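The block underneath contains the structure these notes are about, expressed in C-alpha cells.
All figures in this text were calculated on a predicted structure; none of them were measured in a lab. Numbering of residues begins at 1 and proceeds along the displayed sequence.
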Amino acid sequence: MQSFQRKIELYAAPIISIKDKDRIAFQSQVRIIDEKLGVLMPETYLPVTDVTKQSQRLFDWTLEETIFAIHNLNRRKVKFDFFSLYMPRKVIDDDNFINKMLTDIESSNIPYNKFALEVYSDLLFDKNSKTFKNIEALREKGFKILLLHYASENFPISKISYMPADILCLDEFLISCITSGDSNEYNNAQSVIDMSKNLGKTIYCKQVDSSQIYESLYDFIDFGCGSYFGNYVKHRYIRLRWFPKI
C-alpha cells in the first residue's frame, strides 16, 4: 500500500433531519483510486480490505482526513452535529489502534460526539464479545454509534434492546417492505421501527434517492441521506448553505 494516501479520496453527502427539513450531519464515503481498475467504491473493496490489515490503514487515513474536514467545516462556519466514518472490525478489536484513534482525536480538540462510527450490526450480536465491549466503551466516551444493515431479513430484532447503538441505518430489506411490500410486510416494518423508536433510537436511511422513496419513508425515518437530498462530493466542496428539496 505504498502511496496509499494519493490513491484514496474522502467524499461526503448531507444527512437531513426529515421533520426539521434541515441538513444535520454528513455521511462519509471513501473511494479508492486504482490505476488499472479505476474508482473503487466501498461495496467493491470492503469485502477485501475488511479481512486484512489494509482496513486499519484505510481507517487511519479516513480519520485523519475526517479531522481535517471537520476543522475545515468549522472554519467555514458550516454547522453540523456529526460526521460519519466506517469502522471495520480489525480496528474495533485492536486496543492499540483504538488508543491511537483516541489520542489523534484528543490532539485535534474535536469532541468525540462529532463522530458517528458506522458498525455492521452482526458484530454486536454477542454482548460478551470483545467487539461489543469496545464499541460500548467508545459509546460511553461520547461517540455516536451508527448501526448498519439494521433489520435485515435475518436480523434478531430482540437484540436491539441491548446493542450499544444510537442511530439505526435501515437495511434494504426493511426499506422494500415499506416501499413495495404487501400489508403484512408493511405492518411488520412499522412495528419494528416503532419498537426501535420506543427504545430511544434514531432511524436513518441513506438510500433516499427519489421523491417517491422520501414520501414512502417520511413517517418512518428521522434522518435521511441519498441523491434526492444531494450527491456525494469531495468534502472541500461542501457548500455553506444547503437548499432543501423538501
Check your understanding: Atom CD1 of Ile238 and atom CZ of Arg23: how far apart are they, to the nearest 0.5 Å?
Key -> 7.0 Å
Check your understanding: Could you state the interatomic distance from CD1 (Ile213) to CD1 (Ile175), rounded to the nearest 0.5 Å?
Key -> 7.5 Å
Exercise for review: Taking the six-membered ring for Trp and the full ring for Phe, Tyr or His, determine whether the centres of Tyr120 and His149 are under 6.0 Å apart.
Suggested key: yes
Check your understanding: Hey, is Asp50 close enough to Lys90 for a salt bridge, meaning N to O under 4.0 Å?
Key -> no
Review point. For the residue pair Tyr232 and Tyr237, is the inter-centroid distance of their aromatic rings smaller than 6.0 Å?
Key: no
Practice item. For the residue pair Phe115 and Phe143, categorise the inter-ring angle as parallel (less than 30°), tilted (30 to 60°) or perpendicular (more than 60°). Key: tilted
Check your understanding: Between Ser121 and Tyr150, is any pair of side-chain heavy atoms under 4.5 Å apart?
Key -> no
**Study point:** Gap separating the CG atom of Asp209 from the CZ atom of Phe229, nearest 0.5 angstrom
**Key:** 9.5 Å
Check your understanding: Got more than 12 heavy atoms from elsewhere within 6.0 Å of NZ, Lys53?
Key -> no
Exercise for review: Using side chain to side chain donor-acceptor pair (under 3.5 Å) as the criterion, point out the one residue from Glu140, Lys141, Glu106, Lys144 that pairs with Tyr112.
Suggested key: Glu106
**Study point:** Rounded distance (nearest 0.5 Å) linking atom CD of Gln212 with atom OG of Ser180
**Key:** 13.0 Å
Check your understanding: Considering residues, nucleotides and ligands other than Lys79, do more than 12 of their heavy atoms fall under 6.0 Å from its NZ?
Key -> no
Exercise for review: To the nearest 0.5 angstrom, please state how far the CD atom of Glu65 sits from the CZ atom of Arg236.
Suggested key: 8.5 Å
Check your understanding: Would you call the rings of Phe68 and His235 parallel, tilted or perpendicular if under 30° counts as parallel and over 60° as perpendicular?
Key -> perpendicular
